[in-house]
Structure formats: structure tokens, C-alpha cells
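Just follow the structure's listing: the first ligand is 1, and inside any ligand the first atom is 1.
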Amino acid sequence: MKKLSNELLLGCSISANQAEGSFDVDGKGLSIAELRRYNPNLDRKDINTERKMTKEKLEEALKDDGTYVYPKKFGVDFFNRYKEDVKLIADMKNNCFRTSIAWTRIFPNGDEAEPNEKGLKFYDNLIDELIKYKIEPIITISHYEMPYNLVEKYGGWKNPMLIDLYLKFAKTVLERYKDKVKYWVPFNEINAANYSVWAGAGLRDDEHPQILGLSMIALHNIFLANAKVIKIGRGINSNFLFGSMVATMLSYYENADPSLVLKAEKDQQLKIYSFFDVLHRGEYPKYTLNLFKKFNLDLKISDEDKKIMKENTCDFVGFSYYMSGVVTENEGGLTEGNLAKTGKNKYLKENEWGWQIDPVGLRILMNRLYDRYQKPLFILENGVGFDEKPSDEQIKDDYRIEYIKDHLQQMQCAIEDGVECIGYTAWSLMDIISHGTSEMTKRYGFIYVDQDNYGNGTKDRTIKKSYEWFKKVCETREV
Ligand code: P53
């Protein structure tokens, strides 16, 4: 048993595009998330191909003629049921809650001169409802849901004009909620372009087949926007705390062969540290600069921009952690995993989607991140998806309890090792639409939502066994 501190923020996390639905209500514009289809014929080993946005899939999505469903359009009705959901958060004794503000509710096309008051009203109500129950809101400004118009008209984040368009949106919400929200996540999983340039940067995957090259221009614009939003935010309220998030997957070496160890280190540099380093040290590490050279990219970073990046680094190290992987020479022995095709680790179990469950890896990672940046950490996402069937009885999700319990214990071990940690928000509050596959079947919630992959169902919420367990943890601070 571990005792958690009363100061620790402990709660759940969701995103607007996976939960809200009501995609065309009150003047909301179309976002890139709503163009990701659910494919009923998908073989799970093809997830990495399915998640790529191609010209063909995009045209089909824009037509939306009934061939496929686009579940992020209907979400799980959080837009209409937020009061009921916030009450469930309060009853679970969580002291914080993380969600995002849908850019397309505030600036439907992204380039309007004035924000959409009706869209802001929804977040006024949601944030006030959280505060009513003394739940600390943690707000993600951009969670894979930019206005589609910014892709079509401007070409996504590779266009530097996106920086000011993003800042206009961000400034609107930072000012509006300056006395109500303290914790801000300017970008969800800023390294998302590693996995999907569509979600991360609004670039079509078939036009940007490699993760580097052109997408680095987009990433640079995102990094600049991150530094600039922190600068603006500090001018609005000096107590704001910022932490853009990085999706982390710890990589082990399959054996002690030094060349494999080197390969794994390089893999971590490329996929994780090259992002954290810019966010927390305010400049590109040398190995990223070398990559720019290798791809013949002359980003023409002005001295002014260098200064802004250097002076406006994040306050906390925000990250998501779901699994670990193994760097191997044995390409035949890879997991089937969504995004994360990696070597199998015989010491670990996998979930149905091939994600290898590794609580001790969280402790290792927290130690490494704290050693490297010496800033407080915030675990913004951690959780596990299961295909849970509707049932008249309560869902007894002991596997989820075990997963979260083991990770919370390892988090506490890391804290006892000397790591500073602000909080932990589990993914996710209730079952929501999966980011990667737009399916409902991959359920992460403490709360069951009666809805299938096509949006059929009452959408009623029922608590799972894990809800009661997590409530007890939040109340007693014992895990
Ligand atoms: P789904 C990759 C690796 C770790 C986390 O993912 C990731 C991804 C991208 O899929 O994304 C985060 O729903 C993301 C959430 C997402 C969650 O992980 O594909 O921030 O929006 O839902 C789980 O199983």
C-alpha cells in the first residue's frame, strides 16, 4: 500500500473531439478529427495504415454519404450531458479534470476576426460547473482537433500563418478563463506527428509519408506557437502554469549488444527527447539540427524567434504514458500494437491492442525525465482500453483497477525516489471514441457509456467497479 499526498492533483482526462459530439451545433465548424472514419472491416494489425489520412479517405469523409460513420461527430454527447458527467466526477472525489476546448467552437473556420460567443458559452458553463464542485480544470488548448478550413485553405501547420491563427484562439480562452483556470496544456502530444501528421499537424499522411522532412517545418511552427502562447499567457496571468505534452513510450534494449543499446538511445532521442528538449530547454538539440541538415531544411530561424523559444519554456513536464517497447533486431517478433509496433517483452502482458503494460516503466521514465529537466512532472494520460460488453450487471473491470493501481503505486515510488510530481489524470473519465481507430469498442472509462461503434444506444452512463475503487483512492489517498 502507498500513501499519496493530499496536494497531488488526482482525476481524469478526456478531449473535446472524442467526447462532446454536437459537431455542428451553435455555429461550430468542422474539425480534422471529425473526418476520421470508423472502419468496421479493420483488422487490428492494419491500424497503422487505417489511421493515415489519404486523399481518397478525405474526399470520402467530406462527402459523408453513409459509406462510413464518423464517430467524432457525435462523440458520447458530453456537450449535452456535461452537468451529469461533472456530477459523476465530483462524486468520484476527483480534485481535477482535464479536457480540451474545441478550437472549432470558438473559431469555426479558424480565421474569423471575432470568436463565436455561443461556443465560448459552453466552456463558461462547463468550467463554472467544475469550479462549483471545487474541481481544478486543466485545459488543453489543442488536442488533434484544428479547424479543417485551416488545412484546406492554409495547408495545415506547415504554413507559418497558423501560428497567429492559433494564438488568436489561445489568447481568447486564456483571457476569458484567466481567473478560473491555472493549468494549461498548449498542445496535446506535441510529438504526434511521429505517429500521424494528420492529427498532429493537419498534413495529409500520403503527402508526407515520412515523419521527418516537411513535417519538421510544421513542427517548428508548433514549437514557436508553444513558446509564444506561454509568453502571451504570462502577460495575462503570471500564475498560469504551462506544460505541452509529449506522448512517451519507453524503449528498452532487447539485449546488451552495444549497437542495439545505441539504436534504442537514438530512438528515444528522436521520438521523445527531441520534443521535451525544445519545450524545456528552449532550443533544438544538436541531433535535431543535424536532421534539419540531413533533410536539407533551412528553417531560417530568426534571432528573435530563438530568443522567444529560449525565454518561454514550459513550467511542468506534461506527458502521456501507456506502455513500453523493446528495440530489437528481430523485426518478425513485433507486437501488433496500434502505432507502437515494437519488440515483445517477455516480462510484460499486452492488452488486446498489443500495448505492453509496464507500471515499473513509469517509475523509470519519471526518474529519467526529472533527472534531465528538474521540473515537476504531470502525468496527463495513463490508462488501458478493453472491449467491455454491455451487461445488466455492473462491469467488474478488475484489470483496469490493477492497471491504474500499479501505475499509481509506481508513480508514488518515483515521488519517494525524489521526483516532483504535480498530478495524475487517468485516461479516461468515461468511455469515449478512440483516437486511433474511432471505435467505441476500445473502452477506457471508469464510467460505461451505452453506445456502440455506430452511435446507437441510450448513451446512458453507468459506473464500473473501477469508479468505486478510484473514488476510494481519491478519498483516502491510499493505493
Ligand atoms: P487511443 C499513441 C500512443 C499513446 C497515446 O489512444 C496516444 C497515441 C495516439 O493514438 O494518444 C493519446 O484512443 C491521445 C488520446 C487517445 C489516447 O492516447 O487511440 O492523447 O486522445 O485517446 C488513447 O486508444
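- Ser466 is linked by a side chain to side chain donor-acceptor pair (under 3.5 Å) to Asp397, counting only residues two or more places apart in sequence or in another chain.
- At least one donor-acceptor pair under 3.5 Å links the side chain of Lys57 to the backbone N or O of Lys52.
- Residue Gly436 approaches ligand 1 through these ligand atoms, each under 4.0 Å from one of its heavy atoms: 1 (P), 13 (O), 19 (O).
- A cation-pi arrangement is not found for Arg176 relative to Tyr123, the charged atom failing to lie both closer than 6.0 Å to the ring centre and inside a 45° cone about the ring normal.
- Considering backbone and side-chain N/O of Glu381, one or more are found under 3.5 Å from N/O of ligand 1.
- Residues Ile32 and Tyr144 share a closest heavy-atom pair of CG1-O, 3.7 Å.
- Atoms of ligand 1 found under 4.0 Å from any heavy atom of Tyr444, numbered from 1 in the order shown, are 1 (P), 6 (O), 23 (C), 24 (O).
- With Met249, Arg443, His435 as candidates, the residue nearest to atom 10 (O) of ligand 1 on a non-hydrogen basis is His435.
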Exercise. Go through the steps to decide whether Cys314 and His280 satisfy the test side chain to side chain contact (heavy atoms under 4.5 Å, CB included), and finish with yes or no.
Key: CA-CA 6 Å; Cys314 293; His280 297 286; 3.5 Å; yes
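- Per-residue contacts place His143 under 4.0 angstrom from the following atoms of ligand 1 (heavy atoms of the residue considered): 15 (C), 20 (O), 21 (O).
- At least one cation-pi condition fails for Arg400 and Phe446: the charged atom is not both under 6.0 angstrom from the six-membered ring centre and inside a 45 degree cone around its axis.
- Within the structure, salt bridge (Lys or Arg N to Asp or Glu O under 4.0 Å) contacts touching residues 427-441 (residues at least two apart or in different chains) are Asp431-Arg443, Asp431-Lys464.
- Within ligand 1, the atoms closer than 4.0 Å to a non-hydrogen atom of Asn188 are 20 (O), numbered from 1 in the order shown.
- Counting the atoms of ligand 1 from 1 in the order shown, those under 4.0 Å from a heavy atom of Gln18 are 15 (C), 16 (C), 21 (O), 22 (O).
- Every atom of ligand 1 is numbered from 1 in the order shown, and the set under 4.0 Å from a heavy atom of Ser434 is 1 (P), 13 (O), 19 (O), 24 (O).
- Close approach of ligand 1 to Lys442 (heavy-atom distance below 4.0 Å) involves ligand atoms 1 (P), 24 (O).
- Taking 4.0 Å as the cut-off between side-chain N and carboxylate O, Lys28 and Asp26 do not count as a salt-bridged pair.
- Residue Arg51 has at least one heavy-atom neighbour below 4.0 Å for each of these atoms of ligand 1: 9 (C), 10 (O).
- Residue-to-ligand polar distances keep Ser320 apart from ligand 1: every N/O pair is separated by 3.5 Å or more.
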